[in-house]
Amino acid sequence: MISSRIIGLGHHVPENIVTNHDLSKLMDTTDEWIVERTGIHQRRFMNPEKDTVANMAAKATRMAAERADLKIEDIEFIIFATITPDYYFPGSGVLLQRELNLERIGALDIRNACSGFIYGLSVADQFIKTGMYKTILVVGAEIQSTVLDLSTRGRSTAVIFGDGAGAAIVQASQENGRGVLSTHLHADGRFAEELYIKDPGSSRPQAERQPEQILDTSTFKVHMNGNAVFKHAVGKFAEVIEEALKSNQVHVEDIDLLIPHQANLKISKFLQASLNLPDEKVYNNIMRYGNTTAASIPIALSEAWAEGKINPGQLVCLAAFGSGFTWASALIKW
Ligand code: UT7
């Protein structure tokens with residue numbers, strides 16, 4: 001029986017650190033407000049001279065390949081999760097393929113926001129189990145700093161997001177009982193506009209799609225109904241973790257490490273309390289990076305692994321909730 005194992009993890013974040021104090025110079029906010037409501041102390045914002053979604057993803061990939069002792073040429077397929085692609089089209093998957101000098105291999109783009117990495121992992125897992133590919137790169141990368149309204153008008157949204165990239169190399173394995181045990185994917189499109197960017201969307205009539213016709217450019221920035229997202233997130237995180245445990249007939253005490261999508265530290269803490277998990281079993285790094293959407297889980301996985309918190313034989317649970325709404329979980333026997 002073939003299973004899919006994550007054999008290498010890497011991440012890359014822009015050098016530019018933006019503290020809460022830095023944001024308070026751009027908008028009416030304070031370090032105290034941001035820390036109390038989100039747990040975030042700083043995030044990274046891209047440098048336009050240096051960083052692109054595709055090149056950050058390439059750096060994360062090289063780190064993952066090096067840690068796995070794998071040649072980049074051995075990657076057979078790319079799955080790229082992002083909601084902030086370098087271009088409107090084509091997706092960033094092909095740009096990453098070009099950055100890595102990989103010729104001809106397929107590249108698939110996934111636009112499932114905060115759940116994008118788990119959706120990507122799920123697709124990789126299925127491709128591996130059917131024997132279609134043996135080695136797949138799954139990345140999540142975002143540059144969100146340029147789609148935030150960094151004025152007081154956008155303060156309730158802008159303070160939570162950041163930029164970065166994370167990568168996982170997923171490989172076929174014959175080792176019984178190890179690897180991705182299951183993935184669980186959900187969506188509820190009724191809430192699409194609770195967290196979205198409208199433009200440049202194809203729903204506008206031709207005349208309105210001329211840039212000079214769009215007088216209110218706020219539709220090019222992230223819109224989020226924070227309260228509604230928060231409320232749904234806490235319920236769905238718990239539900240989808242429960243689903244993963246149940247389908248594998250294991251219990252919450254069996255989890256060695258839970259990596260929740262880094263949406264807001266309050267959401268992670270609420271979840272931890274509701275599952276009754278001790279601090280050492282829940283990994284959070286939102287304090288340093290903010291919410292990096294599709295990049296958040298692979299960055300956290302990469303850091304947790306580097307800190308020695310993920311070891312062979314351990315049970316790792318990933319869970320995410322975000323725009324769509326979409327939510328997902330994965331249970332992995334490392
Ligand atoms: O990863 C994708 C999924 N996203 C999420 O999971 C995000 C979920 N939502 C959240 O994390 C929270 O809703 C936020 C952190 C975004 C906002 O926190 P909140 O506790 O829901 O604040 P709020 O929007 O209800 O605003 C409360 C007050 C308001 O003032 P009044 O009307 O009570 O006087 C806001 O104007 O705080 C004010 N406010 C701020 N004050 C200082 C909003 N943003 C700020 C700010 N600085 N940055």
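Computed from a predicted model, the values in this text were never measured in an experiment.
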Hydrophobic clustering (ILVMFWY, side-chain heavy atoms < 4.5 Å, transitive) - are Ile286 and Leu258 grouped together? yes
Using only heavy-atom distances, determine whether the side chains of Asp28 and Thr152 contain a donor-acceptor pair under 3.5 Å. no
Chi angles and distances behind the side-chain contact (heavy atoms from CB on, under 4.5 Å) call for Thr146, Asp163: CA-CA 9 Å; Thr146 51; Asp163 302 341; over 6 Å; no
State, with a plain yes or no, whether a side-chain heavy atom of Pro298 is found less than 4.5 Å away from one of Val138. no
Around atom NZ of Lys281, are there more than 12 heavy atoms of other residues, nucleotides or ligands at under 6.0 Å? yes
Going by side-chain hydrogen bond (donor to acceptor under 3.5 Å, both in side chains), Thr293 matches just one of Gln262, Gln144, Glu142, His261. Which one? Gln144
Between the side chain of Asp51 and the main-chain N/O of Asn47, is any donor-acceptor distance below 3.5 Å? yes
Is a donor from one side chain sitting under 3.5 angstrom from an acceptor on the other, for Gln42 and Thr19? no
Cut-off 3.5 Å, side chains only: do Glu99 and Asn55 have a donor facing an acceptor? no
Given Thr292 and Arg44, is the side-chain contact (heavy atoms from CB on, under 4.5 Å) satisfied, shown in steps? CA-CA 9 Å; Thr292 57; Arg44 304 295 179 105; over 6 Å; no
Output for pair (Glu193 CD, His223 NE2), nearest 0.5 Å, gives 8.5 Å
Under 3.5 Å, is there a donor-acceptor pair between the side chain of Thr130 and the main chain of Gln126? yes
Show every donor-acceptor pair shorter than 3.5 Å between a side-chain atom in residues 326-334 and any protein atom, with sequence neighbours excluded, or say none if there are none.
unit_1, atom_1, unit_2, atom_2, d
Thr326, OG1, Asn112, O, 3.3
Thr326, OG1, Ser115, OG, 2.8
Thr326, OG1, Ser323, O, 3.3
Ser329, OG, Val240, O, 2.8
Lys333, NZ, Gly313, O, 3.3

Looking only at side-chain N and O atoms, does His186 offer a donor or acceptor that is under 3.5 Å from a partner on Glu243? yes
Take a 6.0 Å sphere around CZ of Phe270 and say whether it holds more than 12 heavy atoms from other residues, nucleotides or ligands. no
Checking side-chain polar atoms at under 3.5 Å, does Asn20 have a donor or acceptor matched by the opposite partner on Glu32? no
Would the distance check show the side chain of Ser92 and the main-chain N or O of Pro85 forming a donor-acceptor pair, the cut-off being under 3.5 Å? no
Salt bridge between Lys71 and Glu73, side-chain N to carboxylate O under 4.0 Å? no
Minimal non-hydrogen separation, Phe77 against Ile79, with atom names: CE2-CG1, 3.6 Å
Specify the closest pair of heavy atoms between Met46 and Pro48, including all atoms of both residues, with the distance to one decimal. SD-N, 3.5 Å
Examine Leu121 and Ile299 and state if one hydrophobic cluster contains both, with Ile, Leu, Val, Met, Phe, Trp and Tyr joined whenever side-chain heavy atoms are less than 4.5 Å apart. no
More than 12 heavy atoms of other residues, nucleotides or ligands under 6.0 Å from CD of Glu15: is that the case? no
Give a yes or no on whether the backbone of Ile110 and the side-chain of Tyr119 come within a donor-acceptor separation of less than 3.5 Å. no
If the condition is ring-ring contact (aromatic ring centres under 6.0 Å, His included), which residues does Phe161 pass it with, not counting sequence neighbours? none
Close side-chain approach of Val282 and Leu275, heavy atoms under 4.5 Å: no
Measuring from Arg204:CZ to Asp199:CG, what's the distance to the nearest 0.5 Å? 4.0 Å
With distance as the sole test, does Thr82 use its side chain to make a donor-acceptor pair with the main-chain N or O of Ala141 at under 3.5 Å? yes
Quick one, Val94 and Phe80 - any side-chain contact, counting heavy atoms below 4.5 Å? no
Flag if over 12 foreign heavy atoms under 6.0 Å of OH, Tyr88: yes
Consider only side-chain N and O atoms of Arg153 and Ser218, and report whether a donor and an acceptor are under 3.5 Å apart. no
Work out which heavy atom in Ser122 is nearest to a heavy atom in Thr183; give both atom names and the distance. OG-OG1, 2.8 Å
Is there side-chain contact between Trp33 and Arg155, with heavy atoms separated by less than 4.5 Å? no
In sequence, state the C-alpha distance, the side-chain angles, and the governing distance for Ser268 and Asn284, and then conclude on side-chain hydrogen bond (donor to acceptor under 3.5 Å, both in side chains). CA-CA 8 Å; Ser268 289; Asn284 291 302; 3.0 Å; yes
Carefully, step by step, assess Asn101 and Ile72 under the rule side-chain contact (heavy atoms from CB on, under 4.5 Å). CA-CA 9 Å; Asn101 295 317; Ile72 294 285; over 6 Å; no
Would you find a donor on one side and an acceptor on the other, under 3.5 Å apart, between the side chain of Arg67 and the backbone of Leu9? yes
Taking the side chain as every heavy atom from C-beta outward, state whether Leu148 and Phe45 have any atom pair closer than 4.5 Å. yes
Could you pull out the closest heavy-atom pair between Ile40 and Val159, with the gap in Å? CD1-O, 3.9 Å
CD of Glu280: more than 12 outside heavy atoms within 6.0 angstrom? yes
May I have the step-by-step check of side-chain contact (heavy atoms from CB on, under 4.5 Å) for Tyr289 and Glu303, ending in yes or no? CA-CA 12 Å; Tyr289 303 125; Glu303 287 201 333; 2.5 Å; yes
For Asn264 and Lys266, indicate whether the former's side chain and the latter's backbone hold a donor-acceptor pair under 3.5 Å. yes
When you measure from the side chain of Asp256 to the backbone N and O of Val316, does any donor-acceptor pair fall under 3.5 Å? no
Give the minimum heavy-atom separation between Ile34 and Arg43, together with the two atoms involved. CG2-NH2, 4.0 Å
What's the separation between atom CG in Asp109 and atom CG in Leu95, rounded to the nearest 0.5 Å? 8.5 Å
Does any part of the side chain of Leu245, heavy atoms only, come nearer than 4.5 Å to the side chain of Ile255, both counted from C-beta? yes
All heavy atoms of Leu150 vs all of Ser145, minimum pair found to be CD1-O, 4.2 Å
Can you check whether Arg178 reaches Arg5 side chain to side chain, under 4.5 Å on heavy atoms? yes
N/O donor-acceptor pair under 3.5 Å between Thr84 side chain and Ile143 backbone: yes
Given the rule that I, L, V, M, F, W and Y join up when any side-chain heavy atoms are under 4.5 Å apart, are Phe237 and Phe191 in one cluster? yes
In this structure, CG of Leu137 is separated from CD1 of Ile75 (nearest 0.5 Å) by 4.5 Å
Nearest 0.5 Å please: distance from the OG1 atom of Thr135 over to the CD1 atom of Ile169. 8.5 Å
Phe127-Phe117 co-clustered via ILVMFWY side chain contacts under 4.5 Å: yes
Do the non-hydrogen side-chain atoms of Phe325 and Lys236 ever get within less than 4.5 Å of each other? no
Identify, with sequence neighbours excluded, every residue that meets salt bridge (Lys or Arg N to Asp or Glu O under 4.0 Å) alongside Arg111. none
Has Gln97 got a side-chain atom pairing as donor or acceptor with Leu102's backbone, closer than 3.5 angstrom? yes
Distance from Gln314 atom CD to Asp254 atom CG, nearest 0.5 Å? 12.5 Å
